Every structure is written in C-alpha cells, then in structure tokens.
Amino acid sequence: MERMQLAIGRLLLIGVVLSFLIVLVGGIGYLWDNSNHLVDYQHFNGVQPSFRSISAIMNGALGFTPLALIQFGILFLVLVQLLRVALVGWFFIEQRDEVFIAISAFVLLVLIYSLLSHF
Amino acid sequence: MTVLVFSLLVLGVSYIAGFLGALTGLGGGVVLIPSLVLLFHVNIYYAMGASLISVMATSSGSAVSYLRKGYTSVRIGMFLEVGAVVGAFVGAMLVSYLPAKAIAITFGCMLLFSSYLTWSRKEDAEQLSAPAHPWASYLSLDGTYPVTGGFKNYSVHNVPLALFVMTIAGALSGLLGIGSGALKVLAMDQAMRLPYKVSTTTSNFMIGMTAAVSAGIYFANGYIDPSLTFPVLIGVILGAFTGARVLAGMRVSRLRKIFSVVVLFLAMEMIYKGFTGTL
C-alpha cells in the first residue's frame, strides 16, 4: 500500500508541476502582451471555440500562443486526474483485488466518457 | 482595472483559497467563486470554470504531501468516488439548464451549509466502539493512520449512507464548479467516523477526480477562460503546497472558525445578489 501511496504522490507532483510550468509560461507570455489592457469578465460570451475541445486545444498549443498554452496546461491537469485513477487501478491489479480493480475501472470509464462525449 | 493588476490580485486571493483549502479539506472553491464574483465582478460561469480547475489543483497538490505521510485512505477514497463521479456526471449535465440566479442561490445555500459544518466540526470525532459496517469489512476499508509514536487503528461505519452523501456531493460539484469538500468531509467524519486527518486528506484526494468529470462539459460550454484561470491556478497551487506542508503541525480549530465566519458572510452576499439579480 505504501508503494501505491508514494507512486500516486509522485505522479501528482510531476503532473501538477508540469501543468504549473506550462500555464506559467503561457501566462507570462499573456501578461507580456496584455498587461495594460483592461479586463472585463462580467459578460458571459463563452470562450472561443478553439479553447473548447480537446483537439482544438492540442492544435492551438502547437502554435505556442500564450492563451492556447495556458488552456493546454489546464487540460493537462485534467488528464493527470485520469492518469492517477489508471495508476491506482494498476496497483489494484498487482494486488489482485478484484473488487477494487472494478471500482477503479468504473471511475476511469466515467471520467473518459465524460471527457470524450463533450469534446 | 488592468490585466496585470487584476492577475496579481486574483493570484493573491487564489493563494489564500488554496492554502485554506489544503488545511480544511475543502477544495477552495467556496472562497474562490464568491471572491471572483463579488470582488472582481467576474461572471459566475467563468468563475465556476476557474474554480473547477483550481480545486483539481488543490486536490492534487496537497495530496502529494498527505499520501506520503500516510493519512489518506486510497481505498475509501476510490470506493466513495464511485458515487461521486456518478453524481458529478449528472450535475454537470444539468448546469447549462439552470439559470445563473438559481446557481448563485444554490451556491449561497451550499456556503451556509459549509460554514455551519466547518464551525461545528470537532477536532477528533470519537471513535464508535461498535464494530465496523459489514461493507467496510468486506472491502477492507478499515485502516491505520500515523500519530506521534506510531499508528492508530480506525474502523469504518455507515458505508451506504456515506456513499449516498458522496453522490450528492458529486452532483453539487458538477453543478457549481466546486470541490464539495465540506460534504465529503461530513460523510467521512460523521457517517463513517473516520479520524479528522483521515477525512480531511481523503476528501482532498477525492476532489480532483470528481472535478475532472465535469471538466469536459465545462470546457465545451466555454466556461474555462485561460486568461482568468491562469492566475487562479498559479495562486492555488502555491497556496495548496504551502498549506499541506503546514497541516501536520497545526491546530486548525481556530482557523476553521475564522474560515467559517468568512464563508458565512460570502454565503449571505451570494444569496442576496442571486435574488436581486445583480450578478
């Protein structure tokens, strides 16, 4: 059990740090271009389509524009959550704990389904 | 205000939210959304999007430390997560059908509830001498956690009730863009009778997974704005890492009371704004 705890911890640490760095780089780029602009988040228009779907976000990230990079960093954090469930499942497979393999698989499936069906 | 000033201020507020979130077992969303909406006049949908992502970060960031220290119960967390993800899926589906006013008022009520729970939470729920619930034995949910000088056993009770409450917690998470940490902690503290630090850390562990279920819908609905989410995420991660480092050595009871009062005021404001439509 200890191994599992440490492994999940390590995964989360790497995931959070990477997400943090990607978002930070994008954020600094964004501030660099926009620091004097005025903000207005009062009206909800919905963000642009290229920030709304997995494929669009991935494509955008390849262009390395600041906002696209931020959005990718955010998506990355979401993917880390899926990875952590998969990792937990893996450890339960090692332990041959059938009930918890099923539990992990169910949680993972709900996660995957909810991501794919709306993207 | 300018982008730079805004980003720095939001970063500061998010840091506090992350810090408190890591310490109290909540996700930080209860502080973040009202702050963004009331202080910074951010539209509630953007605030929900930023909050959802931030609770994922708080959860992941603080889990690093708690897992290593051995407080978190992965088994209990994963088991309860079954209910939470189902609830979150349904909740997120409903979010676009609910008018913003209704969301604000529901949110305010949720805050009132959180405030009450946080205030009245005892530092260490007495362990029931009754034997563990049969489900707990079947699933081997009982465990140990570290105390000064070794490990202490705990047994797990009222498993079905806790699962039910988790499903509600998940639905609220999807509906409001929060972590529902208050409810999760309630289920584990009061129903399952887990030790304080086990409930807090396991709740933190779960929140990120629950929030990820709603992420797809929130992205698709356009709630997640990168320029707003960026300072929130940075602040929250820094705060959560700091908070988690501090938990083991801290007597959080006074902090919780202060937190609870703050949340109370925020709750009243949100409900008021929801009713009068100045959102």
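This structure is a prediction, so every number in the text was calculated from the model and none was measured. Naming: A, B, ... by sequence-line order, numbering from 1 per chain. Side-chain atoms are counted along with the backbone in the values below, which use heavy atoms only and exclude waters and symmetry mates.
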Pairwise distance CD1(B:Ile207) to CD(A:Gln81) - rounded to 0.5 angstrom: 11.0 Å
Verdict with supporting geometry, A:Leu115 and B:Val213, side chain to side chain contact (heavy atoms under 4.5 Å, CB included): CA-CA 7 Å; A:Leu115 268 177; B:Val213 173; over 6 Å; no
Interatomic spacing from CG in A:Leu13 to OG in B:Ser60 - rounded to 0.5 Å: 10.5 Å
Heavy-atom pair count under 4.5 Å with chain A, highest-scoring of B:Asp225, B:Val42, B:Ile234: B:Ile234
Smallest separation among heavy atoms of B:Pro226 and A:Ile74, with atom names: CA-CD1, 4.5 Å
From CA spacing to verdict: side chain to side chain contact (heavy atoms under 4.5 Å, CB included), B:Val3, A:Leu31: CA-CA 7 Å; B:Val3 162; A:Leu31 286 179; 3.6 Å; yes
B:Phe89 and A:Tyr113 aromatic centres sub-6.0 Å: yes
B:Thr229 OG1 to A:Phe51 CZ distance, which is reported to the nearest 0.5 Å: 11.0 Å
B:Ser7, part contacting chain A, at a heavy-atom distance under 4.5 Å: side chain
Passing candidate, side chain to side chain contact (heavy atoms under 4.5 Å, CB included) with B:Met209, options A:Val88, A:Val85, A:Leu82: A:Val85
Residue, of B:Ser227, B:Gly208, B:Ala92, B:Ala63, that accumulates the most heavy atom pairs under 4.5 Å with chain A: B:Ser227
Atom of B:Ile53, atom of A:Val78 and distance for their closest heavy-atom approach: CD1-CG2, 4.5 Å
Parallel, tilted or perpendicular: ring planes of A:Phe44 versus B:Tyr45, cut at 30 and 60 degrees: tilted
Between A:Phe106, A:Tyr30, A:Phe91, the one whose heavy-atom pairs under 4.5 Å with chain B are most numerous: A:Tyr30
Heavy-atom pairs under 4.5 Å with chain B, option from A:Ser35, A:Ser104, A:Gly9 with the top count: A:Ser35
Side chain / backbone / both / neither for B:Phe241 at chain A, heavy atoms under 4.5 Å: side chain
Check against side chain to side chain contact (heavy atoms under 4.5 Å, CB included), A:Arg84 and B:Ser59: CA-CA 12 Å; A:Arg84 93 151 112 157; B:Ser59 163; 3.2 Å; yes
Contact leader toward chain B among A:Val47, A:Val17, A:Asn45, where contacts are heavy-atom pairs under 4.5 Å: A:Val47
B:Leu52 versus chain A, the contacting section by heavy-atom distance below 4.5 Å: neither
Where B:Gly61 and A:Val16 come nearest, the two heavy atoms and their spacing: N-CG2, 4.0 Å
Cation over ring face, A:Arg52 and B:Tyr218, 6.0 Å, 45°: no
Pairs of heavy atoms under 4.5 Å with chain B: top-ranked of A:Leu11, A:Asp97, A:Ile112: A:Asp97
Atom of A:Phe100, atom of B:Leu139 and distance for their closest heavy-atom approach: CE1-O, 3.4 Å
Side-chain heavy-atom pair A:Gln42, B:Asn43 within 4.5 angstrom cut-off: no
Segment of B:Ile224 engaging chain A (4.5 angstrom heavy-atom cut-off): both
Value rounded to 0.5 Å, distance of CG in A:Asn34 from OG1 in B:Thr2: 10.5 Å
Trace of the side-chain hydrogen bond (donor to acceptor under 3.5 Å, both in side chains) decision for B:Thr72 with A:Gln5: CA-CA 8 Å; B:Thr72 315; A:Gln5 319 258 52; 5.7 Å; no
Side-chain heavy atoms of A:Val107 within contact of B:Val82, under 4.5 Å: yes
A:Ser19 OG to B:Leu233 CG distance, which is reported to the nearest 0.5 Å: 5.0 Å
Check: A:Tyr41 ring centre within less than 6.0 Å of B:Phe6 ring centre: yes
Shortest non-hydrogen separation from B:Phe230 to A:Ile70 and the atoms involved: CB-CD1, 3.6 Å
A:Leu38 side chain reached by B:Met1 side chain, heavy atoms, under 4.5 Å: no
Minimum-distance pair of heavy atoms, taken over all atoms of A:Ser114 and B:Ala212: OG-O, 4.3 Å
Test log, rule side chain to side chain contact (heavy atoms under 4.5 Å, CB included), inputs B:Phe79 and A:Val99: CA-CA 10 Å; B:Phe79 169 71; A:Val99 176; over 6 Å; no
Straight-line distance of B:Glu81 CD to A:Ile103 CD1, nearest 0.5 Å: 11.0 Å
Atom group of A:His37 that falls short of 4.5 Å from chain B, counting heavy atoms: both
